[in-house]
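Below you'll find the structure, written out as C-alpha cells, and then a few comments.
Residues: numbered from 1 along the sequence shown.
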Amino acid sequence: MSFFAFVGLSLLVGVSAFVQGAVGIGFALIMAPVFGFVDASYLPVTLLILMLPLNFLVAWRERGAIDRRGTGWITFGRFFGTFLGMAVLIALSVRQLEIAVGLLTILAAVAALFAPPFTPSPPASLGVGLFTGVTETATGIGGPPLALLYQHAPGPVLRSTVAACFLIGEVISLVILMIVGRIGQDQVLAALYLIPAVLIGSALSRSVHAHINGPALRLAVLIFSIVSGAALILKG
C-alpha cells in the first residue's frame, strides 16, 4: 500500500470511528466496502480488530445506559451465529466475499432505512444476535440489525448497547478465527497501523455525541453505504 493510500485509509477510518461514536453505527458499513476495494483479504479480521478499541470506548463512555438483559440474549444468539459465519467465510473466494460484502451492506442499509419499529424483546434479541454472528464473522458487518433493534431507544442506550454487543461478539469471532487459522500477520499489522485513527475519531466523537444531529448523520451514512456497496459489487 502506498503512503497516500494509507493516509486516505486512515482518514476514512477516523471519520468512520467518529460517526459510530456519535450515532451508534457506521464504522463497518463505511469501512467494509472500502477494505473490499483496497484488499478484500483484510476482511473481516482487520475490521474486527479495529472495532475492538472503538466499541470498548463507546460502551465505557455510556456504560450506565447499557441494556444488560438485551445484551445477554444478543450475545447468546451471536455465539452460535459465529460458527455459521465461519462456514460462510471458508466457503467464499475473495471475489465472492467482495460481492457478499456489497450485497449485505446494501440490504442492511436499506433495512435500516425502511424497516418498521422493532421491539427489543428476548426472541427478537436472540434472532438479531444469531444473524449478526453470521454477517459480522463472515464480512465484518453487523451494525444495522442491532441498530434496528434499538432504533427507538434513547441515543445513549442505542450507542452503549450496540457497542457492548459488538465488543463481546468481536472477541468471540476473533478467537474462533484464530483457532481455525484465519488470522494472518498482514491483517493484524494493518489493524495496528490504523488503530491511532480509530482512537482519534472516537475521541472527537466524545465531545459532540450528545449534540450531533443523529438522524441526519445516520441517514447520510446509510445512503453512502448503499452507494459504496453497489460500487463494490460492480467492481468487476
Passing candidate, side chain to side chain donor-acceptor pair (under 3.5 Å) with Ser205, options Gln20, Arg159, Arg61: Arg61
Set out, in order, the CA-CA distance, both residues' side-chain angles and the distance that settles side-chain contact (heavy atoms from CB on, under 4.5 Å) for Ile183 and Val188, then state yes or no. CA-CA 7 Å; Ile183 296 181; Val188 176; 3.6 Å; yes
Test Phe18 against Ile200 for side-chain contact (heavy atoms from CB on, under 4.5 Å), laying out the working first. CA-CA 8 Å; Phe18 170 82; Ile200 292 171; over 6 Å; no
Take atom CZ in Arg63; do more than 12 heavy atoms of anything else shown fall under 6.0 Å from it? yes
Are side-chain heavy atoms of Ile226 and Thr105 found at a separation under 4.5 Å? no
Taking all non-hydrogen atoms of both residues, which atom of Phe80 and which atom of Phe76 are closest, and how far apart? CD1-O, 3.2 Å
Thr161 side chain to Asp67 backbone, donor-acceptor under 3.5 Å: yes
Considering only heavy atoms from C-beta outward, does the side chain of Leu84 approach that of Val88 to under 4.5 Å? no
4.5 Å side-chain heavy-atom contact, Val58 and Val162: no
Under a 4.5 Å cut-off applied to non-hydrogen side-chain atoms, are Asp39 and Tyr42 in contact? yes
Any idea which heavy atoms bring Gly229 and Ile106 closest together, and the distance? C-CD1, 3.8 Å
Worked verdict on Phe166 versus Leu52 for side-chain contact (heavy atoms from CB on, under 4.5 Å): CA-CA 8 Å; Phe166 270 153; Leu52 288 175; over 6 Å; no
On a heavy-atom basis, which atom in Gly24 and which in Leu158 lie closest, and how many Å separate them? CA-CD2, 3.8 Å
Where is the tightest heavy-atom contact between Pro33 and Leu29, given as atom of each residue plus distance? CD-O, 3.2 Å
Pairwise side-chain contact, Val180 with Met86, heavy-atom cut-off 4.5 Å (strictly under): yes
Is any side-chain heavy atom of Phe35 closer than 4.5 Å to a side-chain heavy atom of Leu50? yes
Between Ser173 and Thr137: side-chain donor-acceptor atoms closer than 3.5 Å: yes
Quick check against the 3.5 Å criterion: does Thr46 have a side-chain atom that pairs as donor or acceptor with the backbone of Gln187? yes
Would you find a donor on one side and an acceptor on the other, under 3.5 Å apart, between the side chain of Arg78 and the backbone of Gly169? yes
Atom of Ala59, atom of Ala163 and distance for their closest heavy-atom approach: N-CB, 3.7 Å
If every non-hydrogen atom of Gly140 is compared with every non-hydrogen atom of Ala28, which pair is closest and at what distance? O-CB, 3.2 Å
How are the rings of Phe83 and Phe79 set relative to one another: parallel (under 30°), tilted (30 to 60°) or perpendicular (over 60°)? perpendicular
I want to check something: taking the side chain as every heavy atom from C-beta on, are Leu192 and Ile195 in contact at a cut-off of under 4.5 Å? yes
Verify side-chain contact (heavy atoms from CB on, under 4.5 Å) between Phe27 and Val19, making sure each step is shown before the conclusion. CA-CA 7 Å; Phe27 188 86; Val19 169; over 6 Å; no
Could you tell me whether the side chain of Thr139 and the main chain of Thr135 form a donor-acceptor pair under 3.5 Å? yes
Below 4.5 Å, heavy atoms only, C-beta onward: do Met31 and Met51 meet side chain to side chain? no
